[in-house]
Colleague: 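Encoded as structure tokens, here's the structure I'll be asking about.
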Amino acid sequence: MVEHLARLTTGVPGLDAILGGGFVEGASYIVQGSPGAGKTILSNQIAFSQAAGGHPVLYVTLLAETHDRLFQSLSTLSYFDNMALGDKIKYVSVFQCLRDEGLDSVVKLIREETQRQSAKLLVFDGLLNARDRAETELDVKTFVAAIQSQAAFVGCTVLFLTSTRLQESNPEHTMVDGVLDLSDELIGERAFRRLQVRKSRGSAALGGFHQFVINDDGVTVFPRLEAFLPAPSIHNPPSSARIQTGVSGFDQLTGGGLPEGSVTILMGPPGSGKTSLGLTFFSLASASQPALYFSFFETPERLLMQAAAFGLKIKPLISSGAAEIIWNPLTENIMDKLAHQLLDAVKLSGVRRLVIDGISGFERAAVTPGRLVEFFASLTNELRALNVTTIMTWEVRNLFGNAGTSPLPDISALLDNLIVIRTEKKDSTTKQLISVLKLRNSAFSPSDFELKFLASGLSIASVDESGTSQIEEG
Amino acid sequence: MALIVVVDDEFLLADYLASLLIDEGHEVVTAAHGRAGLQLIRERKPALLITDFMMPLMTGLELAQAIAADAELADIPIILVTGGQGLIARDHGDLFDEIFDKPYDQSLMIEAVKRLTAIPRNEG
Ligand SMILES: Nc1ncnc2c1ncn2[C@@H]1O[C@H](COP(=O)(O)OP(=O)(O)OP(=O)(O)O)[C@@H](O)[C@H]1O
Ligand SMILES: [Mg+2]
């Protein structure tokens with residue numbers, strides 16, 4: 001039987017998942033990162049979360065900065081609780097003790113204080129200073145070993161904070177059970193905060209970089225999606241049911257609509273009707289088929305106006321909770337944050353109809369485009385497993401003629417259905433032509449149809465040789 | 001001129017307060033935690049104690065309780081300086097002659113020190 005180690009939960013959104021359930025109780029960790037990387041904000045967040053759960057915390061500093069300066073900066077954060085200070089969380093400085101009596105006395109003081117407090121968590125801020133004080137490498141090693149073993153003895157988890165980047169060969173690095181690396185980097189013009197678990201003894205951590213943000217709620221980490229969901233979270237046998245699109249004529253053409261739980265890419269140039277088609281599909285939301293419109297371009301207000309132009313009544317659906325619009329402007333986004341926000345909303349309302357308008361919203365948010373295929377694979381696999389029927393719009397630049405090859409051919413292989421709209425200009429009139437290029441497990445007509453925008457809604461009509469079209473009646 | 005014991009684990013604050021009081025003509029001895037502070041008070045019998053709240057080994061509150069329980073020390077006036085634990089401390093208001101929240105106004109501190117060291121000690 002596999003032993004499961006008792007865990008100390010961090011209270012930091014996303015971090016427990018990365019650590020495989022939290023820190024191992026009684027284990028010790030180094031939290032490292034350059035000044036301003038977020039070590040203090042992160043470890044205080046963990047401390048206040050433990051305190052809120054009734055577990056005593058000892059926060060030991062070796063810094064020149066005073067505690068009230070620290071409290072002042074923490075007081076802007078929502079997790080900071082004045083009432084826990086001196087009660088469940090105790091901040092003590094050992095600077096004088098170190099200066100006057102040396103490392104041995106600090107070790108002794110921490111041992112006594114940990115026991116006095118029955119501390120479950122010990123944070124030691126300023127390991128770098130301890131290093132400066134130690135005469136030899138061995139001294140710091142002895143110091144860390146002593147703190148670590150006395151804490152382990154009473155089941156207290158230890159976090160050593162340091163602003164130097166300890167190399168893997170560093171004695172402290174080899175001794176502790178885990179190393180968390182926080183970094184704040186520039187890629188192009190943008191700043192990115194990333195977290196990496198560089199070492200994790202006794203448990204599997206999600207490897208690689210995970211982006212995080214610091215705001216008034218402290219740290220929120222967004223586990224890298226493909227590491228977080230290497231396989232779908234649940235197993236659902238594929239369904240043979242069909243989900244109506246609401247586009248008149250289209251559902252008849254495709255044997256009842258889109259296959260349930262499939263992912264459709266709707267490709268087309270700007271203004272070709274992708275959003276209108278998405279809104280039509282979205283407007284069929286009901287209590288049994290909740291819908292989500294995940295928008296990057298249009299605001300909810302503009303989407304409602306556009307829908308009203310086709311007689312689609314979406315407002316009552318939103319009021320009743322059957323439909324929801326989430327809008328993320330195309331500013332600086334974090335790809336994994338978007339994906340977690342999307343999946344959380346899908347799970348929360350049991351969404352069955354999903355429109356992502358458009359795919360480039362994710363693409364633009366990618367720091368490293370090389371991972372897009374893996375990212376979309378885990379996102380779409382999860383959506384299929386959750387039995388969500390998804391339409392993702394994909395804007396292509398060339399306005400007229402053939403849509404050509406898709407800009408991300410690797411991704412289109414991950415999709416079930418591919419529908420293309422193109423704009424045709426003939427004798428000063430423009431038409432939108434729609435065709436199905438791929439439809440999962442279905443027979444379909446590969447020919448072009450005209451997409452018509454009527455006050456009564458969208459419909460498709462067949463195009464005959466003469467170029468006139470005939471409304472498809474089902 | 002009086003002998004004052006300052007107890008604070010944060011050396012910046014202890015050193016700063018000590019030099020402030022020395023400038024006022026007092027003699028100051030410092031300790032880095034409550035337990036060392038108690039020992040110092042037993043040895044030196046100061047005219048005034050100024051202590052921090054949150055400290056290792058013995059908190060300011062525990063220190064004040066130990067002093068109150070010791071007949072030889074019980075009449076030493078105590079000023080508590082806290083960083084956010086004012087509420088807990090004020091629940092034990094009878095133990096302290098003054099409570100200051102950090103950061104405090106130094107002229108008010110000097111005034112309080114003047115007042116408390118001017119009180120003639122009951123030598124009975
Ligand atoms: N309310 C807030 N919203 C957004 N960012 C914040 C907020 N408060 C602090 N920050 C950011 O958090 C960072 C400070 O983090 P923190 O003090 O934890 O760093 P640190 O790693 O402990 O640094 P040092 O090594 O200097 O102690 C700064 O970059 C600051 O911009
Ligand atoms: Mg810090």
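Just so you know, these numbers come straight off a predicted model, no measurement behind them. In what follows, every chain begins at residue 1, and chains take the letters A, B, ... in the order their sequences are listed.
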Colleague: So, does D9(B) use its side chain to make a donor-acceptor pair with the main chain of S93(A) at under 3.5 Å?
Modeller: yes

Colleague: Side chain, backbone, both or neither: which part of L57(B) has a heavy atom under 4.5 Å from chain A?
Modeller: both

Colleague: Residues of residues 22-34 of chain A under 4.5 Å from chain B (heavy atom pairs)?
Modeller: none

Colleague: Give, as side chain, backbone, both or neither, the part of L70(A) having an atom under 4.5 angstrom from any heavy atom of chain B.
Modeller: neither

Colleague: Check whether Q117(A) gets within reach of chain B through its side chain, its backbone, both or neither, counting any heavy atom under 4.5 Å.
Modeller: neither

Colleague: Is it true that, when you exclude D100(A) itself, more than 12 heavy atoms of the residues, nucleotides or ligands shown sit nearer than 6.0 Å to its CG?
Modeller: yes

Colleague: State whether the number of non-hydrogen atoms from other residues, nucleotides or ligands found under 6.0 Å of K199(A) atom NZ is greater than 12.
Modeller: yes

Colleague: Only pairs of heavy atoms separated by less than 4.5 Å count here; which of R116(A), E112(A), K90(A), R69(A) has the most with chain B?
Modeller: R116(A)

Colleague: If I compare all heavy atoms of R99(A) with all of F11(B), which pair ends up nearest, and what's the gap?
Modeller: NH1-CD1, 3.5 Å

Colleague: How long is the straight-line distance from CG of D68(A) back to CG of D101(B), given to the nearest 0.5 Å?
Modeller: 10.0 Å

Colleague: Answer yes or no: is there a side-chain heavy-atom contact under 4.5 Å between L109(A) and H33(B)?
Modeller: yes

Colleague: Determine the minimum heavy-atom distance between I89(A) and M54(B), stating which atoms define it.
Modeller: O-SD, 3.8 Å

Colleague: For the backbone of A32(B) and the side chain of Q96(A), can you confirm whether one donor and one acceptor N or O come within less than 3.5 Å of each other?
Modeller: no

